[in-house]
Structure formats: structure tokens, C-alpha cells
K.L.:
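One structure, as C-alpha cells, below. Some questions next.
Because the structure is a prediction, the values reported are computed rather than measured. Order of appearance sets the numbers: ligands from 1, and atoms from 1 within every ligand.
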Amino acid sequence: MSETFTKSMARNIFYGGTVFFFLLFLALTFDTQSVLPKRDNRAAITPAVVHGKNLWETNDCIGCHTLLGEGAYFAPELGNVYKRRGPDFIKAWIKAQPTHAEGRRQMPQFNFSDSDLDDLVAFLKYASEINTNHWPPNDEG
Ligand code: HEC
């Protein structure tokens, strides 16, 4: 075995490594894409969920909250709020804002109708049932 590390050895490691990791990247991409339909809860998307998502976007909930980690860090994570609080609490909470509780951050009043609140809850229920490999790691988001 040669004692020196030649240019051609370096080149072979570079090309070999590049090809290996590129193929690994393709395989993992393919794997992710093939399991996604089973994990992303797309079968549960109803017109109510779509409308709830629209309300979520047009009222800028994400300007304060995160949803599955994406968004702002001013207010609690809501990806699993349906599981931690349930539908009745969520509706009552949104209706009762702002709380004006001393020393707590405030959430605005949105004046949603009851059917809008039902649709927002439907969207949050859908989000809570996406298979995220148990993320966020605890109930409080
Ligand atoms: C201006 C920032 C702001 C916006 C915009 C906002 N929120 Fe909030 N939200 C908060 C804060 C702050 C809290 C926590 C308040 C507290 O704990 O006293 C909160 C709490 C909540 C909770 C209760 C969470 C829990 O764990 O109990 C829900 C549900 C919620 N928000 C839903 C929404 C929805 C839906 C929207 C959009 C329609 C929205 N929020 C928009 C600031 C905001």
C-alpha cells in the first residue's frame, strides 16, 4: 500500500462520496414522499377544515402562535391544542378574549360567528391528527 495520499485517491474519495450521498439523498426523498400520504392526514380535509385554515391565515393567528413549530413564538403552540384543551375550551377561549389578566400576554377579540369557531376547531383537530412522530414533545406544545 502506498504511504502517500495521491491526488487521484483524493479525487476518488470526492467522487465516490458525492455519488454515495447523492443516492442516499434520492432514496430518503423517495421514502419521505411515499409515506407522506399516510401521515399528513389528508383524508380528513373537509370543507370545514379548509374554511378553518382560511380563517387561520386571514386572521394572522400565526403572527403570534406556532403551528407544528412554524410561526411566531409570542403565544402557545397550537398544533396539539385540540388534544390538550378540546373543542369546547377552544371556542370559549376565543370568545372570551382579551382576558386582561394581569401580567399575561393578551390575545385579541376576533368576533367570530359560531360556525366560524366550529371551522377553526375543525382545522385545529385536523392539525392535531397529523402524524408528526410525537412532535411537539409535550402536551403544552
Ligand atoms: C396578538 C397575538 C395573538 C393572535 C393574533 C392570536 N393569538 Fe391566540 N393567544 C395569544 C396569547 C398571548 C395566548 C396565551 C394567553 C394566556 O395564556 O393568557 C393565546 C392563546 C390561544 C389559545 C389557547 C392556548 C392554550 O394552550 O390554552 C388558543 C386556542 C388560541 N390562542 C387560538 C388562536 C387563534 C385560532 C387565533 C387566530 C384566529 C389566534 N389565537 C390569534 C395571542 C394571540
Side-chain angles (χ1 to χ4, degrees), residues 1-2 4-141:
M1 212 178 101
S2 155
T4 50
F5 189 68
T6 62
K7 258 185 167 176
S8 77
M9 286 162 78
R11 192 171 50 230
N12 288 343
I13 289 171
F14 170 74
Y15 284 128
T18 303
V19 168
F20 174 77
F21 283 106
F22 183 68
L23 291 177
L24 187 65
F25 171 71
L26 286 183
L28 290 175
T29 304
F30 181 77
D31 180 60
T32 301
Q33 292 298 324
S34 60
V35 298
L36 220 49
K38 283 172 246 148
R39 300 184 48 157
D40 64 9
N41 200 21
R42 65 182 66 177
I45 299 178
T46 60
V49 171
V50 172
H51 185 235
K53 180 170 190 286
N54 188 268
L55 291 169
W56 170 268
E57 283 164 4
T58 52
N59 290 284
D60 196 28
C61 310
I62 208 128
C64 291
H65 291 275
T66 48
L67 188 72
L68 305 183
E70 297 287 336
Y73 291 93
F74 180 73
E77 160 70 43
L78 296 184
N80 56 353
V81 73
Y82 184 88
K83 290 184 175 160
R84 103 174 140 249
R85 304 277 188 248
D88 298 338
F89 173 94
I90 295 173
K91 285 191 264 188
W93 170 270
I94 295 174
K95 275 186 186 171
Q97 300 310 304
T99 60
H100 298 298
E102 182 68 24
R104 294 188 75 94
R105 296 171 179 180
Q106 297 299 308
M107 173 166 148
Q109 176 51 249
F110 291 97
N111 297 307
F112 290 123
S113 67
D114 284 341
S115 81
D116 280 351
L117 286 173
D118 285 338
D119 293 352
L120 263 173
V121 165
F123 171 63
L124 291 171
K125 179 175 190 290
Y126 151 80
S128 74
E129 289 166 355
I130 293 171
N131 178 348
T132 57
N133 263 346
H134 307 297
W135 200 97
N138 66 62
D139 283 351
E140 291 298 322

K.L.:
So which of Tyr82, Trp56, Trp93, Phe74 gets nearest to atom 23 (C) of ligand 1, if we judge by its closest heavy atom?
P.N.:
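Looking at heavy atoms only, the winner is Trp93.
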K.L.:
Around atom 27 (O) of ligand 1, find the nearest protein heavy atom and jot down its residue, atom name and distance.
P.N.:
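The closest one turns out to be Arg85 NE, 2.7 Å.
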K.L.:
What protein N/O/S atoms are found closer than 2.8 Å to atom 8 (Fe) of ligand 1?
P.N.:
His65 NE2, Met107 SD
K.L.:
Main chain of Tyr126, side chain of Asn41: is a donor-acceptor contact present, judged purely on distance under 3.5 Å?
P.N.:
yes
K.L.:
Can you list everything that forms a salt bridge (charged side-chain N to carboxylate O under 4.0 Å, His left out) with Arg42? Sequence neighbours excluded, please.
P.N.:
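Result, salt bridge (charged side-chain N to carboxylate O under 4.0 Å, His left out) vs Arg42: Asp40.
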K.L.:
If hydrogens are left out, which of Leu67, Asp139, Ile90 has an atom nearest to atom 29 (C) of ligand 1, that is, the closest non-hydrogen atom?
P.N.:
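Of the listed residues, Ile90 has the closest heavy atom.
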K.L.:
In this structure, does ligand 1 have an atom that sits under 4.0 Å from one of the heavy atoms of Pro108?
P.N.:
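Flag set, Pro108 near ligand 1.
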K.L.:
For atom 17 (O) of ligand 1, which candidate among Arg104, His100, Glu77 holds the nearest heavy atom?
P.N.:
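Shortest heavy-atom distance from atom 17 (O) of ligand 1: Arg104.
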K.L.:
Search all heavy atoms of Trp135 against all heavy atoms of Pro137 and return the closest pair with its distance.
P.N.:
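Where Trp135 meets Pro137 most closely, the heavy atoms are NE1-CD, 3.7 Å.
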K.L.:
Quick one: salt bridge (charged side-chain N to carboxylate O under 4.0 Å, His left out) partners of Lys95, sequence neighbours excluded?
P.N.:
Asp114
K.L.:
Does Gln97 reach the main-chain N or O of Gln106 with its side chain, forming a donor-acceptor pair under 3.5 Å?
P.N.:
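Judged by distance alone, no pair lies under 3.5 Å.
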K.L.:
Residues two or more places apart in sequence or in another chain: which of them pass salt bridge (charged side-chain N to carboxylate O under 4.0 Å, His left out) with Glu102?
P.N.:
none
